[in-house]
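These notes concern the structure reproduced below.
In what follows, residues are counted from 1 in the order of the sequence shown. Being a predicted model, the structure only gives us computed values, none of them experimental.
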Amino acid sequence: LKTAKLSNIIKTIKLIEDRFRAIEELKKLVYNRELGTNENDIQKFIEKHYWIFGEQYHLVTAAEPKFEEALRRYRYMIEGEKKDVKIDHPDKNKEMDIFMVRQDMQTDVINNVVVELKHPRIKLGGHQLEQVKSYMRVIRSQDLFNAPNMTWQFYLVGNGFDETGYIESEFKNAKQHGEKSLAFLVDNYKIYVKKWSEIFADFELRHQFLYKKLELERENIIVSESKVEIAESSSQNSARQEPEIILPK
């Protein structure tokens, strides 16, 4: 209270409580088959709560925009100019689920994150990982995406891995780099494959200290039951973030 206004402390407690509420509702979407969750439901949720994959990012695109539109928005955010761009690549019409960027003004480093979300019932394997690699190849083909001060992280997320063992073998190939869930690394590009259970565990670890200090009673946090209620709650949640970048007309 000597260093912060009471109103700011209350807002922070509310934010943390709402983050826990958001995670519990996302768990329902991912694990409760009776809800009939599809990829679009999870996509819409993550669009509002992309802090789950990193703090202080800006959402460049979500779902629909193809690579040329993503690049136009990216240029507008990084350079402050609206310019038309063309991409000459066979996979240019593919669509990234979540594309976000964080620019560190002190170090002049630009961190980029692409997230591919899969239906809860789809097991992750070679086909899904190749889809993410195709995104990476498009990005690597564009000079604007490849300045020396840029890093790229790709996340493929689902409920589990298929029976082929393909993902596990990719983990073994990348084991020498000493990073959990890392499946591929080249230059400043990294691809991670994660189960939702890992995403939730990471959240718990990041918030454990604050959770214990504030002694939030999780059982008293009201969680919505249906997909519609969860969508409405997500839109009103104080932890929600700014929508994707829209180019001026």
Problem set entry | Pair Glu69 + Arg72: basic N to acidic O under 4.0 Å |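 Salt bridge between Glu69 and Arg72, a charged N being under 4.0 Å from a carboxylate O: yes.
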
Exercise. Is the shortest distance from a Lys or Arg side-chain nitrogen in Glu116 or Lys118 to a carboxylate oxygen in the other one below 4.0 Å?
Worked result: yes

Exercise. Going by atom types alone, do Ser238 and Asp18 pair a side-chain donor with an acceptor below 3.5 Å?
Worked result: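 There is such a pair between these side chains.
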
Problem set entry | Distance-only polar pair, side chains of Thr151 and Asn188, donor-acceptor under 3.5 Å | no

Exercise. Only one of Tyr155, Phe53, Trp152 clears ring pair (Phe, Tyr, Trp, His ring centres under 6.0 Å) with Phe99; which?
Worked result: Trp152

Would you give the length of the straight line joining atom [atom1] of [X] to atom [atom2] of [Y], rounded to the nearest 0.5 angstrom?
X: Arg75; Y: Gln142; atom1: CZ; atom2: CD; answer: 10.5 Å
X: Leu156; Y: Glu170; atom1: CG; atom2: CD; answer: 11.5 Å
X: Glu34; Y: Ser226; atom1: CD; atom2: OG; answer: 12.5 Å
X: Leu15; Y: Trp51; atom1: CG; atom2: CH2; answer: 8.0 Å
X: Ile139; Y: Phe145; atom1: CD1; atom2: CZ; answer: 5.5 Å
X: Asp108; Y: Ile110; atom1: CG; atom2: CD1; answer: 6.5 Å

Would you say [X] has more than 12 foreign heavy atoms packed within less than 6.0 Å of its [atom1]?
X: Gln56; atom1: CD; result: no
X: Glu130; atom1: CD; result: yes
X: His127; atom1: NE2; result: no

For residues [X] and [Y], report the shortest heavy-atom separation together with the two atoms involved.
X: Phe200; Y: Ile23; result: CD2-CG2, 4.0 Å
X: Lys227; Y: Asp41; result: NZ-OD2, 2.9 Å
X: Tyr50; Y: Tyr57; result: CE1-O, 3.4 Å
X: Gln43; Y: Ala62; result: NE2-CB, 3.6 Å
X: Ile191; Y: Leu182; result: O-CD1, 3.5 Å
X: Pro120; Y: Thr37; result: CD-O, 4.2 Å

Is the closest side-chain heavy-atom distance between [X] and [Y] below 4.5 Å?
X: Ile46; Y: Val115; result: no
X: Phe171; Y: Val193; result: yes
X: His58; Y: Met77; result: yes
X: Asn237; Y: His49; result: yes
X: Leu129; Y: Ile167; result: yes
X: Gln153; Y: Val114; result: no
X: Tyr76; Y: Arg73; result: no

Aromatic [Y] / basic [X] pairing, under 6.0 angstrom, 45° off normal:
X: Lys190; Y: Phe154; answer: no
X: Lys94; Y: Tyr135; answer: no
X: Arg140; Y: Tyr189; answer: yes

Spell out, yes or no, whether [X] and [Y] are grouped together once hydrophobic residues are joined by side-chain heavy atoms under 4.5 Å, including indirect joins.
X: Val186; Y: Met150; answer: yes
X: Ile42; Y: Ile122; answer: no
X: Met96; Y: Leu144; answer: yes
X: Ile230; Y: Tyr31; answer: yes

Exercise. Do Phe67 and Tyr74 have their ring centres less than 6.0 Å from each other?
Worked result: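 No; Tyr74 has its ring centre 6.0 Å or more from that of Phe67.
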
Problem set entry | Whether His177 side chain and Glu179 backbone form a donor-acceptor pair below 3.5 Å | no

For this session: Begin with the C-alpha distance, continue with both residues' side-chain angles, and end with the deciding distance and a verdict on salt bridge (Lys or Arg N to Asp or Glu O under 4.0 Å) for Lys48 and Glu25.
Result: CA-CA 13 Å; Lys48 298 182 180 70; Glu25 290 178 337; over 6 Å; no

Exercise. Checking side-chain contact (heavy atoms from CB on, under 4.5 Å) for the pair Asn159/Val30: CA distance, chi angles, key distance, verdict?
Worked result: CA-CA 8 Å; Asn159 261 346; Val30 170; 3.0 Å; yes

For this session: Take Lys28 and Leu35 through the test side-chain contact (heavy atoms from CB on, under 4.5 Å) and record every step on the way to the result.
Result: CA-CA 8 Å; Lys28 282 199 169 185; Leu35 293 183; 4.1 Å; yes

For this session: For the pair Lys133 and Gln128, evaluate side-chain hydrogen bond (donor to acceptor under 3.5 Å, both in side chains) and give the outcome as yes or no after the intermediate values.
Result: CA-CA 9 Å; Lys133 287 182 178 180; Gln128 290 74 29; over 6 Å; no

For this session: Report the C-alpha separation of Arg19 and Glu17 in whole Å, then their side-chain angles, then the decisive distance to 0.1 Å, and conclude whether the salt bridge (Lys or Arg N to Asp or Glu O under 4.0 Å) test is met.
Result: CA-CA 5 Å; Arg19 282 195 171 193; Glu17 180 181 332; over 6 Å; no

For this session: Mind running ring-ring contact (aromatic ring centres under 6.0 Å, His included) on Phe184 and Tyr192 for me, showing each step along the way?
Result: CA-CA 7 Å; Phe184 184 84; Tyr192 299 90; over 10 Å; no

For this session: Decide side-chain contact (heavy atoms from CB on, under 4.5 Å) for Asp91 and Asn93; before the verdict, give the C-alpha distance in whole Å, the side-chain angles of both, and the deciding distance to 0.1 Å.
Result: CA-CA 6 Å; Asp91 292 326; Asn93 291 324; over 6 Å; no

For this session: Starting from the C-alpha separation in whole Å, work towards a yes-or-no answer on side-chain contact (heavy atoms from CB on, under 4.5 Å) for Arg137 and His89.
Result: CA-CA 9 Å; Arg137 287 192 289 268; His89 194 281; 4.2 Å; yes

